[in-house]
> 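What follows is a structure written as structure tokens; I'll ask about it next.
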Amino acid sequence: MRLEGVFAPLTTPFAADGTVAIDRLRENVSRYNRTRLAGFVAMGSTGEAVLLSRDEVERVWVTVRETAGANKILIAGTGAESTAETIERTARAASIGYQAALVKPPYYYKPILTAQVLIEHFERVADAARIPLLLYSVPQFTGVAFEAPLVARLAEHPNIIGIKESSGNVQRIGEIVQSAPRTFQTLVGSAATIHPSVAVGACGCILALACVLPDLCIELFELARAGDVRRALSLQQNLIPVSKKIVSEGGAPGVKYAMDLLGYSGGAPRRPLLPPAEAYKKEIEGVLSVLKGIPAGSAHG
């Protein structure tokens with residue numbers, strides 16, 4: 001399976017009573033179907049997966065599976081604290097029709113989560129899974145960073161096909177690409193580093209910003225892959241402050257508010273997360289207004 005291109009880690013809309021708004025999720029996916037996104041991640045960090053019940057997670061998986069275009073690759077976030085639960089969730093995602101699983105590391109018992117513990121965890125999950133796994137390195141949330149030696153060891157497993165590296169550390173991405181087998185696929189999770197990450201070997205992106213600005217994220221990735229350094233650098237520089245303000249500073253609530261401004265169904269996050277404050281909303285509006293003069297395709301002009 002090739003995971004090239006840009007993937008959107010879908011947000012989860014909620015109704016006024018706090019339940020998952022399945023109809024709004026369908027509307028978002030239907031709109032994304034009309035873009036050139038390579039596919040979707042359902043129930044990752046941007047989807048507030050850790051705040052949803054098991055039943056809600058499965059309802060989201062089913063909804064996305066039913067709504068996604070036939071040409072979209074579907075990846076399910078299935079990581080849990082226990083190995084057994086991760087295996088069970090991955091099996092359920094496979095039975096629904098997902099083509100790959102994005103698996104974050106366990107992190108609660110961090111002081112004793114040695115490299116050997118993580119290796120055995122992921123290898124057991126990969127042994128049991130009927131779909132291939134992507135490692136999910138997001139140390140800003142888990143406190144667990146996947147350094148190149150660990151990734152290279154896990155990449156030896158035939159059912160571990162890649163990694164989403166979301167730390168924003170381009171050097172780490174380059175080291176992973178260099179140390180892992182050539183068939184291993186490294187996807188960048190930070191829109192602020194698309195261009196340099198592709199330059200050191202990343203083959204794709206899973207970007208929260210793609211939920212807001214899919215066309216611009218796709219354009220930047222394609223310019224970087226084509227080696228068009230001048231135009232890729234120009235667009236990258238324009239997206240850095242946008243990604244910082246909306247994603248890095250705002251997380252899922254910031255992404256959702258920006259989606260609302262652009263006609264998607266974002267809405268409020270689930271508590272304990274809070275909606276953006278009024279001052280921060282104006283800051284998001286400000287960075288997006290700058291992009292009004294940079295429509296998708298303009299970098300080719």
Side-chain angles (χ1 to χ4, degrees), residues 1-12 20 22 25-26 28-29 32-33 37-107 118-138 142 146 151 154-166 180-181 183-187 189 203-206:
M1 178 184 295
R2 295 303 300 168
L3 298 174
E4 297 178 346
V6 178
F7 294 78
L10 301 170
T11 56
T12 304
V20 176
I22 293 297
L25 177 60
R26 289 187 190 278
N28 284 342
V29 175
Y32 292 136
N33 280 340
L37 286 168
F40 311 124
V41 174
M43 291 287 89
S45 302
T46 309
E48 300 171 73
V50 296
L51 305 181
L52 272 64
S53 70
R54 175 72 176 271
D55 179 65
E56 288 175 323
V57 167
E58 293 196 7
R59 287 179 64 211
V60 168
W61 282 343
V62 170
T63 300
V64 174
R65 176 68 182 85
E66 291 175 345
T67 312
N71 62 330
K72 304 299 185 186
I73 296 172
L74 298 183
I75 304 170
T78 64
E81 285 299 302
S82 81
T83 304
E85 177 72 5
T86 303
I87 289 171
E88 186 176 334
R89 291 187 184 198
T90 303
R92 178 60 180 144
S95 71
I96 291 171
Y98 281 76
Q99 293 140 290
L102 179 66
V103 185
K104 69 179 184 291
Y107 56 87
L118 293 174
I119 287 168
E120 292 196 20
H121 169 75
F122 281 103
E123 287 185 342
R124 286 176 181 270
V125 175
D127 285 343
R130 293 187 289 113
I131 53 178
L133 306 188
L134 278 176
L135 308 173
Y136 185 13
S137 177
V138 57
T142 65
F146 285 73
V151 176
L154 290 170
E156 294 174 3
H157 195 291
N159 205 32
I160 298 177
I161 65 168
I163 185 170
K164 177 191 178 186
E165 215 303 310
S166 297
T183 55
F184 190 79
Q185 301 170 80
T186 302
L187 291 86
C203 70
C205 314
I206 301 175

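Excluded from the calculations below are hydrogen atoms, water molecules and symmetry mates; all remaining heavy atoms, backbone and side chain alike, are included.
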> Please check: side-chain N/O of Glu56 versus main-chain N/O of Ser53, any donor-acceptor pairing under 3.5 Å?
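It does hold such a pair.
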> How many angstroms lie between atom CD of Glu120 and atom CG of Leu118, to the nearest 0.5 angstrom?
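The CG atom of Leu118 is 10.0 Å from CD of Glu120, to the nearest 0.5 Å.
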> Which heavy atom of Leu37 sits nearest a heavy atom of Ala8, and at what distance?
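Closest heavy-atom pair between Leu37 and Ala8: CD1-CB, 3.9 Å.
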> Out of curiosity, Arg59 CZ to Thr12 OG1, how far, rounded to the nearest 0.5 Å?
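The OG1 atom of Thr12 is 11.0 Å from CZ of Arg59, to the nearest 0.5 Å.
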> Do you know the tightest heavy-atom contact between Ala155 and Phe184?
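So the two residues come closest at CB-CD1, 3.4 Å.
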> What residues, two or more places apart in sequence or in another chain, satisfy side-chain hydrogen bond (donor to acceptor under 3.5 Å, both in side chains) together with Thr142?
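For Thr142 there are no side-chain hydrogen bond (donor to acceptor under 3.5 Å, both in side chains) partners, ignoring immediate neighbours.
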> Charged N to carboxylate O under 4.0 angstrom, Glu58 versus Arg54?
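Salt bridge between Glu58 and Arg54, a charged N being under 4.0 Å from a carboxylate O: yes.
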> Measure from the side-chain N and O atoms of Thr86 to the backbone N and O of Ala80, and report whether any donor-acceptor pair falls under 3.5 Å.
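Yes: the side chain of Thr86 pairs with the backbone of Ala80.
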> Using modelled atom types only, decide if a donor and an acceptor are shared between the side chain of Glu81 and the backbone of Tyr107 within a distance under 3.5 Å.
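Between the backbone of Tyr107 and the side chain of Glu81 there is a qualifying donor-acceptor contact (under 3.5 Å).
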> Start with the C-alpha gap between Asn33 and Phe40, add the side-chain angles, then the distance that decides, and say whether side-chain contact (heavy atoms from CB on, under 4.5 Å) holds.
CA-CA 10 Å; Asn33 280 340; Phe40 311 124; 3.6 Å; yes
> Rounded to the nearest 0.5 Å, what's the gap from OG on Ser95 to CD1 on Ile131? Could you check?
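Ser95 OG to Ile131 CD1: 9.0 Å, rounded to 0.5 Å.
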> Run the numbers on Arg2 and Ile73 for side-chain contact (heavy atoms from CB on, under 4.5 Å), then give the verdict.
CA-CA 10 Å; Arg2 295 303 300 168; Ile73 296 172; over 6 Å; no
> Does a donor on one side chain and an acceptor on the other come within less than 3.5 Å for Tyr98 and Thr78?
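There is no such pair between these side chains.
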> Supply the atom-to-atom distance Thr83 OG1 to Asp127 CG, rounded to the nearest 0.5 angstrom.
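It is 11.5 Å, given to the nearest 0.5 Å.
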> Near Arg26 CZ, under 6.0 Å, is it more than 12 heavy atoms from other residues, nucleotides or ligands?
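More than 12 within 6.0 Å, yes.
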> Between OG1 of Thr11 and CG of Leu25, what distance do you get to the nearest 0.5 Å?
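Answer for the OG1-CG pair, Thr11 versus Leu25, is 7.5 Å.
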> Of all heavy-atom pairs between Ala126 and His157, which one has the smallest distance, and what is that distance?
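For Ala126 versus His157, the nearest heavy atoms are CB-CE1, 3.4 Å.
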> Restricting to non-hydrogen atoms, name the atom on Pro132 and the atom on Met1 that form the minimum distance, rounded to 0.1 Å.
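Shortest heavy-atom contact: CG-CE, 4.3 Å.
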> Would you find a donor on one side and an acceptor on the other, under 3.5 Å apart, between the side chain of Lys104 and the backbone of Gly79?
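Present.
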> Identify the residue among Leu102, Val64, Leu52 that makes a side chain to side chain contact (heavy atoms under 4.5 Å, CB included) with Met43.
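Exactly one pass, corresponding to Leu52.
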> How close do Ser45 and Tyr136 get, counting heavy atoms only, and between which atoms?
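That closest heavy-atom pairing would be OG-OH, 2.7 Å.
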> Between Asn159 and Ala129, what is the shortest heavy-atom contact and its length?
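That closest heavy-atom pairing would be ND2-O, 3.4 Å.
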> Using 0.5 Å steps for rounding, measure from the CD atom of Gln185 to the CG atom of Leu3.
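Here the interatomic distance stands at 4.5 Å.
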> Give the intermediate values and the outcome of side-chain contact (heavy atoms from CB on, under 4.5 Å) for residues Leu133 and Thr90.
CA-CA 9 Å; Leu133 306 188; Thr90 303; 4.2 Å; yes
> Between Gln99 (side chain only) and Leu74 (backbone N and O only), is there a donor and an acceptor less than 3.5 Å apart?
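Pair found, side chain donor or acceptor close to backbone of Leu74.
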> Under 30°, 30 to 60°, or over 60°: which ring-plane class applies to Phe122 and Phe146, parallel, tilted or perpendicular?
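Geometry flag for Phe146 against Phe122: perpendicular rings.
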> With a 4.5 Å heavy-atom cut-off, do Val20 and Thr63 have their side chains touching?
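No, too far: nothing below the 4.5 Å cut-off.
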> Might you work through the side-chain contact (heavy atoms from CB on, under 4.5 Å) test for Lys164 and Phe7, ending with a clear yes or no?
CA-CA 11 Å; Lys164 177 191 178 186; Phe7 294 78; over 6 Å; no
